[in-house]
Each structure stands twice: as C-alpha cells, then as structure tokens.
Amino acid sequence: MDEKDVEITTVTFTTILHSFYKKGKSDEAERVWNEMVNKGCGPDVGAYNVKIMNIQGGDPEGVKALIEEMSDAGLKPDTISYNYLMTCYFRNELMNEAQKVYEDLEANGCNPNAATFRTLIFYLSKKGKYEAGYKVFKESVRVNKIPDFNTLKYLVEGLVKRSKLNEAKRMSKTVKKFPPNLVKAWTKLEEELGLAEVEDGDNGVQTASLA
C-alpha cells in the first residue's frame, strides 16, 4: 500500500485486522497489529474492539486485560468494549459478573445501547429469568433502545410460559408503539400466544433484580 501512495491509517489497519480475524487468521491479524504499532498508527478504540470481539468467546480475563490495556494507553473503552466483556461473562455462565458490567456502565462513562439490552434479555431469558428480563426490557423502553424482534419474542414467550400474562400483555402493547415494521409480526405473535384475549391490568405485576 505504501508503494501505491495509499495513506495507511489506523482505520485501514483496523479493516484489515477485522478481515483476518473474520477468516480465522489470528496469526496474520497479530502481525497486522504489530505493524500498526511499529508504523505509529497506534491502535484506537475501534481496533481494540475488533481484537476483543475475536476473543469474547474465551476467558473473560483476556477481555478484561485488553480493556485495561486500552485504559493504560490513554484510550477510553466504550459501550461496545463493555458489551463484549458482558457477553463473555454470560457465555462463561458468570451471571453476576455480567450484571456488574451492566450496572457499572454509567460509572465508566458509557450508556447502554440496543446491543446491551439485547444481550441482557437474551441471556436472562435463556436462564429462565424472564421477570428480570422484563425489567431490563422496561429500561430499554425508557431510554428508547429496545432490542430486535427475535430477542423480544424469546422474552414474551417465556413470560407467557410462566403465566406472567399481565407483563406479557403490557410488553406487547409497548412494542407495538415502536417501529412500524414490528407491528405486523408482533400482532401475529400476540395472537399465537393468546395475548389478544388477555385484559391488561396492574394486578400481579412483579419485578425482579437481574440476580
């Protein structure tokens, strides 16, 4: 790239880094990483997040170490960085540690995004913690960062299975106020779950902590 007078930037290196990781060529990715440093294109937050993404399925300590390395380099880990750490904890069945990452986001100068709520609701639902998932859903609505249809479908099905019909009904009514493309699919799901016949009410509503 140098010979063709193409400016080599951190963005260029990060794109190449991502491509190698995506193809499973970790050794090549590490070579690119070292070249970034040697050429003075010191990795930025985006580059670190690409590296973290590649190891998020492994040991959480590895992800934590990279986040600490970012901070030591004068970089500020962002919501994406912490989402990867949270996901890593969930994948390793460390629910409390994952919850703490979420709870500490604000203290770390970050705000949860739709991916944060998607990850929380998915793994809480996977563990059968539907009421805790519903609490997270309400928070996602409050900050206007609701997750995707499939994640919400997983949660509302769990609420119905646990006979938490009031929560499921209110969740359904809320979702139908959001993106129009969700309304048709959600209305169909509501009919399949029998929620169309359920009267909305506040009685019997329960909330729960994430633990």
Side-chain angles (χ1 to χ4, degrees), residues 10-11 14 18 42-156 158-159 164 167 170-171 173-175 177-179 182 202 205-211:
T10 302
V11 174
T14 301
H18 177 69
D44 59 8
V45 174
Y48 268 103
N49 283 342
V50 167
K51 194 169 187 178
I52 291 172
M53 177 181 65
N54 182 62
I55 66 170
Q56 65 172 319
D59 184 358
E61 292 303 314
V63 176
K64 282 181 62 180
L66 280 176
I67 289 177
E68 289 171 2
E69 186 179 312
M70 289 171 68
S71 297
D72 291 342
L75 300 172
K76 182 178 178 297
D78 60 12
T79 300
I80 295 172
S81 313
Y82 290 112
N83 281 350
Y84 284 140
L85 178 59
M86 185 174 65
T87 298
C88 190
Y89 277 133
F90 274 129
R91 287 179 173 178
N92 283 273
E93 306 289 324
L94 298 169
M95 302 290 288
N96 291 335
E97 288 81 352
Q99 175 187 339
K100 191 172 189 314
V101 173
Y102 168 62
E103 293 174 346
D104 289 348
L105 275 177
E106 186 175 345
N108 286 317
C110 299
N111 294 311
N113 57 21
T116 309
F117 293 115
R118 180 180 68 241
T119 300
L120 280 163
I121 291 174
F122 173 77
Y123 282 101
L124 287 170
S125 297
K126 188 176 181 181
K127 282 292 186 180
K129 296 178 178 291
Y130 301 113
E131 292 166 83
Y134 178 64
K135 182 179 180 181
V136 172
F137 164 74
K138 290 194 294 183
E139 179 62 16
S140 77
V141 172
R142 188 185 72 80
V143 298
N144 198 26
K145 299 288 184 183
I146 66 170
D148 60 281
F149 173 83
N150 288 331
T151 301
L152 298 181
K153 178 175 181 286
Y154 196 15
L155 174 58
V156 77
L159 289 170
K164 299 297 179 182
E167 290 90 333
R170 282 196 297 279
M171 179 179 170
K173 288 178 65 176
T174 300
V175 170
K177 295 176 184 177
F178 279 83
L182 282 179
D202 292 328
V205 177
Q206 298 181 24
T207 58
S209 65
L210 300 188

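For the numbers below, each heavy atom of this structure counts, side chains included, while hydrogens, waters and symmetry mates do not.
- Taking each heavy atom of V63 and C88 in turn, the nearest pair found is CG2-SG, 4.0 Å.
- Across all non-hydrogen atoms, the minimal contact from T14 to A47 is OG1-CB, 3.4 Å.
- Considering only heavy atoms from C-beta on, M86 comes within 4.5 Å of L120 through its side chain.
- Between E139 and Y102, some side-chain heavy-atom pair lies under the 4.5 Å cut-off.
- K76 contributes a side-chain N or O that, together with a main-chain N or O of G109, makes up a donor-acceptor pair within less than 3.5 Å.
- Interatomic distance, L94 CG to N96 CG, rounded to the nearest 0.5 Å: 8.5 Å.
- Here S140 contributes atom OG and I146 contributes atom CD1; the two are 6.5 Å apart, rounded to the nearest 0.5 Å.
- The minimum heavy-atom distance between P147 and I121, with the atom names listed, is CG-CD1, 3.8 Å.
- Counted by atom type alone, D44 and T10 present zero donor-acceptor pairs between their side chains at under 3.5 Å.
- Note that the CD1 atom of I52 and the OG atom of S81 stand 5.0 Å from one another [nearest 0.5 Å].
- Between the CG atom of L105 and the CG atom of D78 there is a distance of 10.5 Å, given to the nearest 0.5 Å.
- Residues in residues 62-74 take part in these side chain to side chain donor-acceptor pair (under 3.5 Å) pairs, two or more places apart or across chains: Y48-E69.
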task = Step by step, work out the side-chain contact (heavy atoms from CB on, under 4.5 Å) result for L152 and V175.
result = CA-CA 9 Å; L152 298 181; V175 170; 3.8 Å; yes

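- Y84 places none of its side-chain heavy atoms less than 4.5 Å from the side chain of I67.
- For the ring pair (Phe, Tyr, Trp, His ring centres under 6.0 Å) test with Y123, the passing option among Y89, F117, F90 is F90; the others fail.
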task = May I have the step-by-step check of side-chain contact (heavy atoms from CB on, under 4.5 Å) for Y130 and K164, ending in yes or no?
result = CA-CA 9 Å; Y130 301 113; K164 299 297 179 182; over 6 Å; no

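- Applying the side chain to side chain donor-acceptor pair (under 3.5 Å) test to every pair with at least one member in residues 54-63, sequence neighbours left out, gives no pairs at all.
- When all heavy atoms of K145 and N113 are compared, the pair lying nearest together is CB-C, 4.2 Å.
- Ring-plane geometry between F122 and Y154 is classed as tilted, the angle between the planes lying from 30 to 60 degrees on a 0 to 90 degree scale.
- Looking only at side-chain heavy atoms (C-beta outward), M53 and H18 come within less than 4.5 Å of each other.
- Shown here for E131 and L159, the closest heavy-atom pair between the two residues is N-CD2, 4.4 Å.
- For the pair V136 and L124, the minimum side-chain heavy-atom distance is below 4.5 Å.
- Within the 4.5 Å cutoff, side-chain heavy atoms of I55 are placed close to those of L66.
- The closest side-chain heavy-atom distance from N108 to P77 is not below 4.5 Å.
- Without hydrogens or angle criteria, N92 side chain to G58 main chain gives a donor-acceptor distance under 3.5 Å.
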message = Applying side-chain contact (heavy atoms from CB on, under 4.5 Å) to K138 and T174, what does each step give before you reach the verdict?
response = CA-CA 9 Å; K138 290 194 294 183; T174 300; over 6 Å; no

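- N83 and A115 get closest at one heavy-atom pair: ND2-CB, 3.8 Å.
- At a threshold of 4.0 Å, the pair E93-K127 counts as salt-bridged, since one of the basic side-chain nitrogens sits closer than that to a carboxylate oxygen.
- K100 pairs by the salt bridge (charged side-chain N to carboxylate O under 4.0 Å, His left out) definition with D104, not counting sequence neighbours.
- You'll find the side chain of T116 reaches within 4.5 Å of the side chain of T79, heavy atoms only.
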